**Student:** 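Got a structure here, written out as structure tokens. Questions coming.
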Amino acid sequence: MKDNKLFKISIAEIAVGAVLELLALAKVMGDSDILAGMGSGILAVGAVQMFRAFRIQSNPEYRKRMETAAKDERYAFISMKAKEAAFGIYLIITAVLCIGWMLLGNQERGTLAGMSICLLVLLYAVMFRVMARKY
């Protein structure tokens with residue numbers, strides 16, 4: 001059952017978020033702010049997914065609407081366009097940050113931003129090849 005899978009994933013996300021929060025409180029890393037932020041984010045995502053799973057389980061009308069939306073070609077097209085726009089916007093923002101940090105003398109951040117752009121473009125190229133063969 002799909003709802004059961006969503007519920008299990010949300011429980012796992014909540015558990016991972018809680019573990020990260022506990023590690024941050026125990027100051028396992030020198031800078032525990034990163035762990036605390038990641039833990040809070042994953043915990044929040046898990047809580048929202050669990051709320052969604054309960055709503056799907058308890059409301060048949062909402063469940064039907066979600067199933068229809070998942071199968072609708074219009075939503076698939078909109079999702080694809082949103083991903084495309086987010087990809088382009090991310091590349092532009094990261095390129096500006098990369099150039100800005102390099103000009104300001106912060107080589108480490110500039111290099112990381114540049115490597116992020118390269119990784120994203122590489123992943124796109126690989127996925128394009130895989131999808132082109134598949135379809």
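Numbers here are sequence positions counted from 1. Remember, it's a predicted structure, so these values are computed and weren't measured experimentally.
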**Student:** For Tyr124, I'd like to know if atom OH has over 12 heavy atoms of other residues, nucleotides or ligands within 6.0 Å.
**Tutor:** no
**Student:** According to the side-chain hydrogen bond (donor to acceptor under 3.5 Å, both in side chains) rule, which pairs have a member within residues 112-123, sequence neighbours left out?
**Tutor:** Tyr90-Ser116
**Student:** Consider side-chain contact (heavy atoms from CB on, under 4.5 Å). Of Leu103, Leu97, Ile99, which one does Trp101 pass it with?
**Tutor:** Leu97
**Student:** Check for a donor-acceptor pair, side chain of Ser10 on one end and backbone N or O of Phe7 on the other, with a separation under 3.5 Å.
**Tutor:** yes
**Student:** Transitively linked via ILVMFWY side-chain contacts under 4.5 Å: Phe51 with Val48?
**Tutor:** no
**Student:** Would you give the length of the straight line joining atom CG of Leu6 to atom CZ of Arg55, rounded to the nearest 0.5 angstrom?
**Tutor:** 13.0 Å
**Student:** Report whether Met38 and Leu23 are members of the same hydrophobic cluster (ILVMFWY, side-chain heavy atoms less than 4.5 Å apart, transitive linking).
**Tutor:** yes
**Student:** State, to 0.1 Å, how close Ala24 and Leu35 come at their nearest heavy-atom pair, and which atoms those are.
**Tutor:** CB-CB, 3.8 Å
**Student:** To the nearest 0.5 Å, what is the distance between OH (Tyr62) and CZ (Arg65)?
**Tutor:** 6.5 Å
**Student:** Please round to the nearest 0.5 Å and tell me the distance separating atom CG of Asn106 and atom CG of Leu112.
**Tutor:** 9.5 Å
**Student:** Only pairs under 3.5 Å count here: list side-chain donor-acceptor contacts from residues 73-82, not counting sequence neighbours, and write none if there are none.
**Tutor:**
none

**Student:** Could you measure the distance from the CE atom of Met115 to the OG1 atom of Thr94? Nearest 0.5 Å is fine.
**Tutor:** 13.0 Å
**Student:** For the residue pair Gln49 and Arg52, establish whether any side-chain heavy-atom pair is separated by less than 4.5 Å.
**Tutor:** yes
**Student:** Distance-only, no hydrogens or angles: does the Glu21 side chain make a donor-acceptor pair with backbone N or O of Ser40 under 3.5 Å?
**Tutor:** yes
**Student:** Atom CD1 of Ile11 and atom CD1 of Ile14: how far apart are they, to the nearest 0.5 Å?
**Tutor:** 5.0 Å
**Student:** Heavy atoms, side chains only, cut-off 4.5 Å: are Leu43 and Leu20 in contact?
**Tutor:** no
**Student:** Taking atom CD as the centre, does Glu108 end up with more than 12 heavy-atom neighbours from other residues, nucleotides or ligands that are less than 6.0 angstrom away?
**Tutor:** no
**Student:** Within a strict 4.5 Å, meaning less than it, do heavy atoms of the Arg133 and Arg129 side chains meet?
**Tutor:** no
**Student:** Same cluster or not: are Phe128 and Val121 linked, directly or through other Ile, Leu, Val, Met, Phe, Trp or Tyr residues, by side-chain heavy atoms under 4.5 angstrom apart?
**Tutor:** yes
